[in-house]
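FYI, the numbering just counts along the sequence from 1. The analysis underlying the following values was restricted to heavy atoms, covering all of them including side chains, and did not include hydrogens, waters or symmetry mates.
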Amino acid sequence: MKRKVSKIVITNAVALNGGDAAILQSTIAILQRRFGEDLRFEVYDMAAAASSRYYPQLNIKQDIYSRVRDWAGTRVRPAAAALLLLVAARLRDVPFLGPMLLRMLPPGLRRTLDDYADADLVISSGGTYLVPHYSLAAKLLDFLVTEALGKPLVLFTQSLGPFPAGRRRPLLRHALRRAMLILVRDEQSRAHLDQLGIEPDRVRVCADAAFALAPRDLEGRSFPPARHSWNIAISVRDWPHFEGGAADAGMERYFASVARLAADLIERHDATVTFISTCQGAPEYWTDDARTAQAIVERLPASARPHALVDRIYRRPAEIIARLREFDLTVATRMHAAILSLCAGTPVLPISYEFKTTELFRRFGLGDAVIEMERIDPESVLAAFAKASSFWTDRAEDAWSTVREQRYSAFRAGDLIAHMLERSMAG
């Protein structure tokens with residue numbers, strides 16, 4: 001028997017981040033292809049009001065954690081979270097008691113619980129948020145509410161872990177063990193889940209959802225191009241999570257290394273360099289990569305600065321792809337700047353600040369050219385650029401074939417979800 005899916009709640013969305021917006025839009029496209037164009041989606045985002053202005057076509061609402069925090073005070077107090085979970089559980093288990101308890105909650109939380117309770121499926125958006133340097137509180141509350149309501153939970157394509165010992169580890173294990181399906185982007189994430197004690201039959205490896213934005217008939221380019229002058233995109237970001245807490249020293253090396261590469265491209269190869277990213281131009285978002293880019297441009301020799309531009313415009317995913325199509329190569333720190341560049345048919349040199357980027361580009365055969373943020377220095381960046389140039393000259397068609405495979409893998413997520421829904425009904 002096939003399970004009818006008519007309404008899906010998507011949680012943990014961050015639409016102000018262009019990469020996460022690409023994940024969100026791709027997730028919707030993947031699910032519509034599998035379950036039908038008439039699917040209803042309710043999207044929960046921590047910055048719902050601002051995100052709605054950029055994506056008015058989506059039904060974006062305030063996330064549960066923020067609503068509980070606003071109700072309980074400056075932080076989510078355990079008593080408030082416990083009452084919310086109690087009400088959610090009673091809505092499922094004791095129908096006559098649930099509505100009585102529901103009146104104890106503020107109107108916004110009541111509507112949110114009703115929304116979740118009415119859904120056929122809850123999808124926790126893909127991305128990288130179950131990692132040691134980010135808070136787990138908001139995600140855990142969301143997972144536990146979904147469980148209390150008895151709704152099937154799917155974690156869309158994630159990179160996650162490791163999960164060090166700590167007070168939240170048992171609760172996270174509890175929540176993830178009750179997820180119907182966890183889709184991961186790489187084998188390292190799968191290994192982290194295995195170490196946490198998650199049953200392997202609930203875990204599948206799929207490509208990042210954003211690869212669904214690649215055209216079916218993608219034809220990418222090689223590098224260097226035939227013309228003499230290069231047009232290079234560079235995506236940068238601030239990164240406060242260097243090992244040992246050495247963020248200032250780490251960012252100093254990063255700034256010096258990217259500036260050295262940009263100057264080399266301009267002075268030796270007559271290149272134009274444009275700093276462009278998936279996280280820029282949205283004042284409501286917590287960071288703007290254009291500020292980081294400007295700090296790097298100011299380090300360039302005076303003769304090189306006129307050839308280095310900082311793009312400050314906010315773009316939606318399709319607009320990012322269209323813009324990246326104009327370049328000969330993208331040097332990408334943001335992973336989704338790399339993925340959307342590949343979707344545009346533009347070669348990539350990746351800078352990896354988390355294992356997710358390294359794992360992705362090993363799949364492309366470009367592992368030797370990945371620049372690790374922790375070990376970055378000017379000479380290694382120049383060497384990596386040379387390796388990437390060689391790769392995109394000699395093996396470009398292999399890479400574009402891999403992008404097409406990743407697109408197929410991204411859409412396969414819908415089939416995996418449908419299979420697990422049918423299995424849950426049979427069980």
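- When atom types are taken as modelled, the side chain of Trp71 and the backbone of Leu105 share no donor-acceptor pair closer than 3.5 angstrom.
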- [ ] Starting from the C-alpha separation in whole Å, work towards a yes-or-no answer on salt bridge (charged side-chain N to carboxylate O under 4.0 Å, His left out) for Arg407 and Glu405.
- [x] CA-CA 5 Å; Arg407 180 184 184 278; Glu405 291 170 2; over 6 Å; no

Which pairs of donor and acceptor atoms, one on a side chain in residues 153-163, lie under 3.5 Å apart (sequence neighbours left out)?
from, atom 1, to, atom 2, distance (Å)
Thr157, OG1, Ala209, N, 3.2
Gln158, NE2, Ser125, O, 2.8
Gln158, NE2, Tyr129, OH, 2.9
Gln158, NE2, Phe156, O, 3.1
Ser159, OG, Arg185, NE, 3.0
Ser159, OG, Arg185, NH2, 3.2
Ser159, OG, Asp186, OD2, 2.8

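- In this structure, the ring of Tyr116 has its center less than 6.0 angstrom from the ring center of Tyr44.
- Side-chain polar atoms of Ser51 and Asp45 form a donor-acceptor pair below 3.5 angstrom.
- Between Asp289 and Arg334 there is a salt bridge, with a side-chain nitrogen of the basic residue lying less than 4.0 Å from a carboxylate oxygen of the acidic one.
- Looking at Asp20 and His336, their side chains never bring a donor and an acceptor atom within 3.5 Å of each other.
- Ring geometry for Tyr353 versus Trp239: interplanar angle of 30 to 60°, hence tilted.
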Query raised in the report: Going through the distances and angles, do Lys7 and Leu39 end up as a side chain to side chain contact (heavy atoms under 4.5 Å, CB included)?
Result: CA-CA 6 Å; Lys7 175 181 173 181; Leu39 269 179; over 6 Å; no

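- When atom types are taken as modelled, the side chain of Ser66 and the backbone of Gln62 share no donor-acceptor pair closer than 3.5 angstrom.
- Closest approach of Ala48 and Ile60 over heavy atoms only: CA-CG2, 3.8 Å.
- Looking at heavy atoms from C-beta onward, Leu265 lies in side-chain contact with Trp230 at the 4.5 angstrom threshold.
- For the residue pair Tyr254 and Ser235, the shortest heavy atom distance occurs at OH-O, 4.1 Å.
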Output side-chain donor-acceptor pairs under 3.5 Å for residues 210-224, partner residues at least two apart or in another chain, one line each.
from, atom 1, to, atom 2, distance (Å)
Arg221, NH2, Arg325, O, 3.3
Arg221, NH2, Phe327, O, 2.5
Arg221, NH2, Thr346, OG1, 2.6

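- Under a cut-off of 6.0 angstrom, the local environment of CZ in Arg412 is sparse, with at most 12 non-hydrogen atoms contributed by other residues, nucleotides or ligands.
- One N or O on the side chain of Ser409 and one on the backbone of Ala207 form a donor-acceptor pair closer than 3.5 Å.
- Between Phe364 and Val348, the closest side-chain pair of non-hydrogen atoms is not below 4.5 Å.
- Aromatic ring orientation, Tyr134 versus His241: perpendicular (interplanar angle above 60°, classes split at 30° and 60°).
- Remark: side-chain polar atoms of Arg362 are not paired, donor with acceptor, to backbone N or O of Gly367 under 3.5 angstrom.
- Of the N and O atoms on the side chains of Ser124 and Asn12, at least one donor lies less than 3.5 Å from an acceptor on the other residue.
- The pair Asp120-Lys151 does not count as a salt bridge, with every side-chain nitrogen at least 4.0 angstrom from each carboxylate oxygen.
- When all heavy atoms are compared, the tightest approach of Ala410 to Asp208 is CB-O, 3.7 Å.
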For side chain to side chain contact (heavy atoms under 4.5 Å, CB included), just list the numbers for Phe41 and Leu58, CA-CA rounded to whole Å, side-chain angles, deciding distance to a tenth of an Å, and then say yes or no.
CA-CA 8 Å; Phe41 291 96; Leu58 298 177; over 6 Å; no

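- A salt bridge links Glu252 to Arg299: at least one charged side-chain nitrogen sits closer than 4.0 Å to a carboxylate oxygen.
- Contacts of Asp201 classified as salt bridge (charged side-chain N to carboxylate O under 4.0 Å, His left out), with partners at least two apart in sequence or in another chain: Arg423.
- Between Glu284 and Arg53 there is a salt bridge, since a side-chain N of the basic residue sits under 4.0 Å from a carboxylate O of the acidic one.
- Inter-residue side-chain proximity for Gln280 and Asp311 is flagged as met; some heavy-atom pair is nearer than 4.5 Å.
- Between the side chain of Thr330 and the main chain of Ala332, no donor-acceptor pair closer than 3.5 Å is present.
- Taken to the nearest 0.5 Å, the CG atom of Asp142 stands 12.5 Å off from the CG atom of Leu136.
- Remark: the backbone N or O of Tyr54 is paired with a side-chain donor or acceptor of Arg316 at under 3.5 angstrom.
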Legend entry - Trace of the side chain to side chain contact (heavy atoms under 4.5 Å, CB included) decision for Asp288 with Arg291: CA-CA 6 Å; Asp288 187 340; Arg291 289 196 296 268; 3.4 Å; yes

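- Across all their heavy atoms, Asp238 and Thr292 have their closest contact at N-OG1, 3.7 Å.
- For Arg253, the salt bridge (charged side-chain N to carboxylate O under 4.0 Å, His left out) criterion is met by no residue, not counting sequence neighbours.
- Looking only at side-chain heavy atoms (C-beta outward), Phe385 and Leu329 come within less than 4.5 Å of each other.
- A donor-acceptor contact shorter than 3.5 Å links the side chain of Glu374 to the backbone of Glu243.
- Between Lys61 and Asp115 there is a salt bridge, with a side-chain nitrogen of the basic residue lying less than 4.0 Å from a carboxylate oxygen of the acidic one.
- Separating the CZ atom in Arg177 from the CZ atom in Phe143 is a distance of 15.5 Å, to the nearest 0.5 Å.
- In terms of heavy-atom proximity, Cys279 sits nearest to Tyr285 at SG-CE2, 4.0 Å.
- Rounding to the nearest 0.5 Å places CD1 of Ile182 at 9.5 Å from CE of Met420.
- For the atom pair CG of Leu176 and CD1 of Ile198, the computed distance is 5.0 Å after rounding to the nearest 0.5 Å.
- Under the salt bridge (charged side-chain N to carboxylate O under 4.0 Å, His left out) criterion, Arg168 pairs with no residue at all, not counting sequence neighbours.
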| request: Dump the intermediate steps for side chain to side chain contact (heavy atoms under 4.5 Å, CB included) on Leu342 and Trp400, then the final yes or no. | output: CA-CA 8 Å; Leu342 293 173; Trp400 300 124; 3.8 Å; yes

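- Gln57 has its side chain within reach of Gln25: a pair of non-hydrogen atoms, C-beta onward, lies under 4.5 Å apart.
- Here Leu324 contributes atom CG and Ile339 contributes atom CD1; the two are 12.0 Å apart, rounded to the nearest 0.5 Å.
- His192 meets the ring-ring contact (aromatic ring centres under 6.0 Å, His included) test with Phe355; sequence neighbours excluded.
- If you run side chain to side chain contact (heavy atoms under 4.5 Å, CB included) between Ile8 and each of Val43, Thr27, Leu31, only Leu31 comes through.
- A distance of 5.5 Å separates CE in Met335 from OG1 in Thr128, rounded to the nearest 0.5 Å.
- Between Arg178 and Glu199 there is no salt bridge, since no side-chain N of the basic residue sits under 4.0 Å from a carboxylate O of the acidic one.
- The two residues Asp194 and Pro200 come nearest to each other via the heavy atoms OD1-CG, 4.5 Å.
- Using a cut-off of 4.0 Å between Lys/Arg side-chain N and Asp/Glu carboxylate O, Lys356 and Glu359 are scored as not salt-bridged.
- With hydrogens and angles disregarded, a donor-acceptor distance shorter than 3.5 Å links the side chain of Arg202 to the backbone of Ala179.
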